[in-house]
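Scroll down for the structure; my scribbles are underneath it.
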Protein chains: 2
Amino acid sequence: MLGNPYDRDCPTRQLLDRIGDQWTVLIVGALRAGPLRFTQVGKRVEGISQKVLTQTLRSLVRDGILVRTAYPVIPPRVEYELTPLGRDLAEPLDMLDRWARHHMDQVTAARAAFDAEHTPASA
Amino acid sequence: MLGNPYDRDCPTRQLLDRIGDQWTVLIVGALRAGPLRFTQVGKRVEGISQKVLTQTLRSLVRDGILVRTAYPVIPPRVEYELTPLGRDLAEPLDMLDRWARHHMDQVTAARAAFDAEHTPASA
DNA sequence: CAGTATCCCCGATGATACTG
DNA sequence: CAGTATCATCGGGGATACTG
């Protein structure tokens, strides 16, 4: 049960629960280049809804990955930025990114081959 | 990094769609040590249901991350093993694992601090 | 043993509307 | 601009039962 690196309470599982959703990874990636305002993040991460953006941003702040800075001006200006911890996390995430760029074509090829194999075209 | 790596068609997004669910990461991790039988994988990855295990295994085979070997014996014996591509993927995944082990306590602390801050209990 | 087939539920996500 | 609030949906995933 416990003690096994794959059981429910291990750090890896917990991290996975956090970064498991692609939004987190994408947001952290988007912020690597520097702070961004709420709307800017939303634009970089295409397809994310406002609600989910808000939720994800908030939980990343909660986890110490991002800092939120609200400037008391009108209209409101809020910026999100990676913390040192966040920048730290960005590194392994970047490795994944590199892997994707280097190997996704292999995955695509494997997928096509598998589908061909399992799709009796000449039925 | 290239132009805008965050749009829907970029390799990163595609990879995330695959490894986004924690099961994939856990299964690949479990197989790093060597081939495992269906049931063995299920035991290593606690909490996964048989259905999801089957589904995840199948899609990993489809993507060329794993190979499935069925021995024609009774009772059936099926083994799953990382392909070279899979072993390749295991590396960046391992980085994430290391990060988790080294930093999850910081995340936990940040989380507690945030919650305390946002819990108007004491005043 | 290693799956496949079903039913079912819940919670994450999207769409929409409103506000400081 | 940067959120919050509410509702409806959709399907991933669990539990269970059956099979080669």
Side-chain angles (χ1 to χ4, degrees), chain A residues 6-8 13-14 16-27 30-31 34-63 66-81 114 117-120, chain B residues 6-8 13-14 16-27 30-31 34-63 66-81 114 117-120:
Chain A
Y6 301 101
D7 86 78
R8 293 160 173 288
R13 284 285 266 253
Q14 290 181 43
L16 257 18
D17 284 341
R18 162 99 352 280
I19 70 159
D21 69 302
Q22 68 264 71
W23 301 127
T24 291
V25 179
L26 262 8
I27 290 173
L31 289 169
L36 287 177
R37 301 178 59 169
F38 182 84
T39 305
Q40 300 305 320
V41 179
K43 281 180 183 163
R44 294 274 293 186
V45 184
E46 285 200 17
I48 193 170
S49 71
Q50 191 178 41
K51 187 176 74 174
V52 174
L53 178 58
T54 298
Q55 288 173 348
T56 309
L57 247 16
R58 179 184 290 272
S59 79
L60 284 171
V61 169
R62 181 168 105 103
D63 288 355
L66 304 182
V67 261
R68 187 191 114 113
T69 309
Y71 299 91
V73 298
I74 292 180
R77 179 187 184 83
V78 177
E79 286 190 346
Y80 291 89
E81 185 176 11
F114 182 97
E117 182 91 6
H118 295 255
T119 302
Chain B
Y6 303 102
D7 79 77
R8 292 160 172 286
R13 284 284 266 252
Q14 291 180 43
L16 258 17
D17 284 341
R18 162 99 352 281
I19 71 159
D21 71 301
Q22 69 264 71
W23 301 128
T24 292
V25 179
L26 262 9
I27 290 174
L31 288 169
L36 288 176
R37 300 177 61 169
F38 181 84
T39 305
Q40 300 305 320
V41 178
K43 282 181 183 162
R44 294 275 293 186
V45 184
E46 284 203 16
I48 193 171
S49 70
Q50 191 177 42
K51 187 177 73 172
V52 174
L53 178 57
T54 299
Q55 288 173 346
T56 309
L57 248 15
R58 178 183 291 272
S59 79
L60 284 171
V61 169
R62 180 169 106 103
D63 288 353
L66 304 181
V67 262
R68 187 190 114 115
T69 311
Y71 299 90
V73 297
I74 292 181
R77 179 187 185 85
V78 177
E79 285 191 346
Y80 292 89
E81 186 176 10
F114 181 96
E117 182 91 7
H118 293 255
T119 301

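In what follows, every chain begins at residue 1, and chains take the letters A, B, ... in the order their sequences are listed. Every value quoted in this text rests on a predicted model; they were computed, and no experiment measured them.
- Of the residues listed (A:Leu36, A:Leu26, A:Leu60), the one engaging A:Leu31 in a side chain to side chain contact (heavy atoms under 4.5 Å, CB included) is A:Leu36, and it is the only one.
- One can place CH2 of A:Trp23 at 11 Å from C1' of C:dG14, the figure rounded to the nearest angstrom.
- For A:Arg37, the side-chain atoms get nearest to D:dA2 when compared with the rest of D:dG3, D:dA2, D:dA15.
- Taking CZ of A:Arg13 as the reference point, atom CD of B:Gln22 lies at 6.5 Å (rounded to 0.5 Å).
- Closest to the side chain of A:Pro76, out of C:dC1, D:dT4, D:dC1, is D:dC1.
- Proximity of A:Phe114 to B:Asp63: side-chain heavy atoms (C-beta onward) are nowhere separated by under 4.5 Å.
- Comparing D:dG14, D:dT4, C:dT4 by their closest approach to the side chain of A:Thr54 singles out D:dT4.
- Rounded to whole angstrom, the span from the CG atom of A:Asp17 across to the C1' atom of D:dG12 amounts to 15 Å.
- In this model, the phosphate group of D:dA15 is not approached by any side-chain N or O of B:Ser49 to a distance below 4.0 Å at OP1 or OP2.
- Rounded to a whole Å, the CG atom of A:Leu53 is 14 Å from the P atom of C:dA15.
- If you measure from atom CG of B:Leu57 to atom C1' of C:dG3, you get 11 Å, rounded to the nearest angstrom.
- We find that CD of A:Gln22 is positioned 13 Å from P of D:dG12, with the value rounded to whole Å.
- Protein atom CD1 of A:Ile74 is 12 Å distant from nucleotide atom C1' of D:dA2, rounded to whole Å.
- Toward the 5′ end of DNA chain C lies the nearest nucleotide of B:Phe38, the other residue of the pair B:Lys51 and B:Phe38 mapping further downstream.
- If you take CD1 of A:Ile48 and P of D:dA2, they are 15 Å apart, rounded to a whole angstrom.
- Side-chain to base pairing of A:Gln50 with C:dG14: no donor and acceptor N or O lie closer than 3.5 Å to each other.
- If you measure from atom CG of A:Leu36 to atom C1' of D:dG3, you get 17 Å, rounded to the nearest angstrom.
- Considering OG of B:Ser59 and CD1 of B:Ile27, their distance stands at 8.0 Å, rounded to 0.5 Å.
- Contact between the side-chain N/O atoms of A:Arg58 and the OP1/OP2 oxygens of D:dG3 is not found at any separation under 4.0 Å.
- Within 4.0 Å (heavy atoms only), B:Gln55 reaches no atom of the nucleic acid at all.
- When each of C:dG14, C:dG3, D:dG14 is scored by its nearest atom to the side-chain atoms of B:Tyr80, the top-ranked nucleotide is C:dG3.
- With a 3.5 Å ceiling on both atom-pair distances, the Watson-Crick or G-U wobble partner of C:dC10 is D:dG11.
- Nearest to the side chain of B:Thr39, among D:dA2, C:dT13, C:dA2, sits C:dA2.
- By the 4.5 Å heavy-atom criterion applied to side chains, B:Tyr80 and B:Gln40 are not counted as neighbours.
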